[in-house]
Amino acid sequence: MPDAAPADRLESLLDGLNEPQRAAVVHGEGPLLVLAGAGSGKTRVLVHRIAFLIRTGQARPGEILAITFTNKAAQEMRERVGMLLGHSTRAMWVMTFHAACVRILRSEAPRLGYTRQFTIYDTSDSRRLVKRCLDELDVDSKRFTPAAVLNQISDAKNKLRDPDAYRQLVGGYYEQTIADVYERYQAQLHSMNAMDFDDLLNNVVNVLQLFPEVRARYQATFRHILVDEYQDTNHAQYRLLQLLAGDDPSLPRNLMVVGDDGQSVYSFRGADISNILNFQDDYQDAVTVKLEQNYRSNQTILSAANAIIAHNRAQIPKTLWTDQGEGDPIVVRELEDEHAEGRYVVGEIERLVEEGVSRSEIAIFYRTNAQSRVMEDTLVRREIAYQVIGGTKFYERAEIKDAVSYLTILGNGQDVVSFTRVVNSPRRGIGQTSLSRVISHAQTMGIPIWEAAEDPLGVPGLGSAAVKSLGRFMDTMNNLRARMDEGVPVGDLLEAVLHETGYLDALENERSIEAQGRIENLQELVEVAREFDHATAEDPELEDTVDVFLQQISLVADADTREDDTGMVTLMTLHNAKGLEYPIVYLIGCEEGVFPHSRSIEEGTLEEERRLMYVGITRAMRSLTISHARRRAVFGGAPNYGLPSRFLAELPTDLVDRQGTASGWGAATVAAGAPRPRAMSSWSSGGGGGGRSASAWDEGQQAAPSFRMGDDVVHAAFGDGVVTGVEGGGVVVVRFASDGSERKLMADYAPITKK
DNA sequence: CGTAAATGTTTTTTT
DNA sequence: AACATTTACG
């Protein structure tokens with residue numbers, strides 16, 4: 001096809017786009033900010049723009065870098081561009097930040113003192129290493145939990161602060177201790193030729209900053225950079241883009257970012273919403289395009305979403321609208337407990353399926369992964385096919401991590417974390433003591449752990465049984481390594497590992513259903529490896545295939561395993577739901593303390609929780625049902641009495657069909673003298689006590705009476721009680737006469753009145 | 001050194 | 001409730 005594309009073919013790339021979408025697609029050189037409300041077709045814009053750039057000859061495929069949030073999104077985007085263009089998209093870089101960084105580091109890591117075979121640590125590997133550092137530094141592991149310390153370290157890394165910079169920026173004993181751990185952790189990672197997730201970004205930033213010629217090369221390569229979900233980028237990613245796009249204003253800086261400040265929900269992992277808010281200041285010549293027409297949901301759902309987000313301060317003003325119709329009201333349903341909630345949702349799903357709805361059109365969202373269990377139990381019992389996204393991920397299962405660690409240590413003999421994982425799995429009689437001796441010997445001698453283990457007699461203090469066992473183990477490993485070096489396919493190598501190390505035998509001897517499941521998981525991993533072999537077979541130049549395989553799977557997220565149109569109901573957290581859409585959505589567990597999560601309430605990050613609610617609502621295309629339970633078991637322990645989420649009170653009452661509200665609430669509110677009762681009809685009563693007045697939701701806070709110690713009170717459900725304490729934040733402690741229990745209640749919301 | 005019981009910890013969200 | 005880690009004992 002010649003460069004000069006016929007006008008009609010260009011026109012076809014713009015077909016069906018609205019005005020602002022079209023403007024974004026045809027935008028020429030220079031920075032571009034696309035503020036894209038939920039469901040406004042931002043992926044479509046990205047896909048069409050990439051195709052347009054190529055079709056008009058503004059860029060060749062190899063000059064495009066398109067960053068997406070998940071691997072799956074990348075794959076979909078690549079496919080859609082391919083369909084538009086009708087030719088190969090292989091040369092394009094369409095991937096996540098992390099995948100792009102790995103690819104760059106495969107070439108550039110040696111400049112930073114790593115080999116190309118560097119190992120990538122996931123969070124649990126990193127946590128183990130932090131724990132080792134804590135132990136070695138004799139830090140009180142009660143006050144410094146590995147997870148908390150790792151969070152601090154990760155936070156620092158997201159802000160591009162190395163251990164020195166971190167130390168200088170923070171004061172206090174606690175932070176100084178963390179600086180010590182950070183320093184040691186980083187040194188050990190490097191000495192083990194390993195990087196954690198944050199290092200992938202930071203090391204690319206380092207390479208680009210330290211080596212101007214490398215920077216120039218990548219800047220020249222990526223003539224057009226496009227970034228999706230820009231509101232969830234962190235500082236390291238921000239800096240990375242700056243380096244790749246070129247921070248010299250005289251250069252074209254063809255950086256297009258797409259995002260929605262209203263959907264920023266990852267600040268806990270360092271995402272910085274100011275990246276998108278300040279884009280105009282950072283790139284003064286930036287053109288801004290706003291996408292506000294929504295193609296996904298009906299007006300009821302959009303109005304609800306708009307109303308929710310309006311409760312946040314500091315938004316870039318946006319109002320979603322649609323030319324679709326009103327749609328049904330949003331159902332808000334109260335249930336007795338989480339089991340009733342499960343039965344209700346599954347019952348509704350059964351009804352829909354009977355009416356001919358496909359299960360794959362239905363999704364269930366929740367705030368925390370733990371909430372999926374009850375839903376799963378109910379779905380299994382009613383024999384409804386479902387898939388869960390998130391939670392325990394495939395690559396985090398113990399047996400998978402073991403197998404992966406075996407492959408890792410074959411390629412990277414310095415990786416102490418992997419060595420530790422596999423040396424006594426299955427049992428070989430090499431316990432904590434022997435292992436510690438080998439590790440400290442390796443550290444003293446400054447040699448890789450592999451070398452130390454190869455010569456067990458050279459390890460001081462090692463018992464004779466351990467020497468023998470370790471020797472046999474290393475014979476097996478050396479044998480396997482030799483075969484890897486011969487270039488045996490990864491799938492075959494993995495199979496050999498599982499057999500010859502005795503790993504599979506040990507599982508088979510367990511003869512439990514659990515072990516059988518693990519064996520099946522391992523078979524699946526072998527399949528994944530064989531697919532990889534198959535896909536790379538035509539690339540004879542590829543070296544270190546095992547390491548490439550490992551680096552590739554270490555970046556697979558659970559969100560990438562989602563399957564569409566397979567006749568299954570989909571369950572996931574609200575975070576995982578971002579970017580997706582479903583005709584029918586159930587949002588469960590909308591209670592104070594669950595959603596918004598209690599920690600968000602404590603930490604005062606309610607606006608982010610509200611954005612999460614906004615994300616949840618805007619996933620729904622035509623039907624949205626929100627449920628909350630009156631009580632819910634936490635930690636499998638005592639039931640927790642939760643009040644309806646404050647976000648429910650923010651939904652306009654005329655958009656809502658409230659169902660199942662139990663008796664008592666309305667009565668208590670009336671007794672408290674709530675003003676202006678209205679729209680009672682929209683709150684259909686659930687049999688018994690009559691619906692709660694709408695106004696109580698809107699005005700509840702100001703109508704609340706104040707309580708003092710010793711006040712006699714009546715609770716709609718628990719009966720007579722006495723106030724035994726008043727805490728901050730409108731919380732009162734009440735001891736109830738009926739069962740002698742003491743409960744903390746929120747005076748503003750709880751159905752209690754003074755006697 | 002390995003096992004089993006006891007104890008502790010976890011539930012925010014994830015590339 | 002489920003899981004990881006520590007402790008006690010054989």
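The chains referred to below are lettered A, B, ... by the order of the sequence lines, with proteins before strands, and numbering in each begins at 1. Note: hydrogens, waters and symmetry copies are ignored here, and every other heavy atom, side chains too, is used.
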Enquirer: Along nucleotides 2-10 of chain C, 5' to 3', which nucleotides get a B, which get an S, and which get a -, given that the test is a protein heavy-atom distance under 4.0 Å?
Expert: S---S----
Enquirer: Tell me, please, whether A/Phe69 has A/Lys578 positioned over its six-membered ring: NZ or CZ under 6.0 Å from the ring centre and within 45 degrees of its axis?
Expert: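 Relative to the ring axis of A/Phe69, which defines the angle, A/Lys578 lies inside both limits.
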Enquirer: Charged N to carboxylate O below 4.0 Å: is that the case for A/Lys157 and A/Asp196?
Expert: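 Yes, charged N to carboxylate O under 4.0 Å.
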Enquirer: Taking the six-membered ring of A/Tyr266, is NZ or CZ of A/Arg269 closer than 6.0 Å to its centre and within 45° of its axis?
Expert: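 Output yes; distance and angle both within limits.
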Enquirer: Under 3.5 Å, which protein N or O atoms sit close to an N or O of nucleotides 4-7 of chain B? Give each pair with its distance.
Expert:
none

Enquirer: Partners of A/Val257 by side-chain contact (heavy atoms from CB on, under 4.5 Å), sequence neighbours excluded?
Expert: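 Partners of A/Val257 by the side-chain contact (heavy atoms from CB on, under 4.5 Å) criterion, ordered by chain and then number, come out as A/Leu33, A/Val227, A/Tyr230, A/Leu255, A/Phe279.
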Enquirer: Would you indicate what A/Tyr266 reaches in the nucleic acid, counting non-hydrogen atoms under 4.0 angstrom: base, sugar-phosphate, or nothing?
Expert: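 Counting heavy atoms under 4.0 Å across all strands, the contact made by A/Tyr266 is with sugar-phosphate only.
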Enquirer: Hey, does A/Asp122 reach any base, or is it just sugar-phosphate, or nothing, if we go heavy atoms under 4.0 Å?
Expert: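 Counting heavy atoms under 4.0 Å across all strands, no contact is made by A/Asp122.
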Enquirer: Decide yes or no on ring-ring contact (aromatic ring centres under 6.0 Å, His included) for A/His628 and A/Phe647, but give the supporting numbers first.
Expert: CA-CA 11 Å; A/His628 62 98; A/Phe647 301 143; over 10 Å; no
Enquirer: Got a sec, which pairs hit salt bridge (charged side-chain N to carboxylate O under 4.0 Å, His left out) with one end in residues 416-434 of chain A, sequence neighbours left out?
Expert: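 Found A/Asp402-A/Arg421.
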Enquirer: Suppose we screen for ring-ring contact (aromatic ring centres under 6.0 Å, His included). Which residues come up paired with A/Phe144, at least two apart in sequence or across chains?
Expert: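 Partners of A/Phe144 under the ring-ring contact (aromatic ring centres under 6.0 Å, His included) test: A/Tyr174.
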Enquirer: Reckon A/Asp198 touches a base, only the sugar-phosphate, or nothing at all at heavy-atom distances under 4.0 Å?
Expert: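 A/Asp198: no heavy atom of the nucleic acid under 4.0 Å.
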Enquirer: Test of understanding: with side chain to side chain donor-acceptor pair (under 3.5 Å), list the residues that count as partners of A/Glu607, not counting sequence neighbours.
Expert: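 Checked A/Glu607 against side chain to side chain donor-acceptor pair (under 3.5 Å); zero matches.
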Enquirer: How close or far is atom P of B/dT3 from atom CZ of A/Arg427, stated in whole angstroms?
Expert: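 One finds 5 Å between P of B/dT3 and CZ of A/Arg427, rounded.
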Enquirer: Classify the nucleic acid contact of A/Thr70 as base, sugar-phosphate or nothing, counting any heavy atom under 4.0 Å across all strands shown.
Expert: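 Here A/Thr70 touches no strand at all.
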Enquirer: Checking all strands, does A/Asn151 fall into the base, sugar-phosphate, or nothing category for heavy-atom contacts under 4.0 angstrom?
Expert: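 No contact.
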Enquirer: At under 4.0 Å between heavy atoms, what does A/Glu603 touch on the DNA or RNA strands: base, sugar-phosphate, or nothing?
Expert: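 It contacts base atoms.
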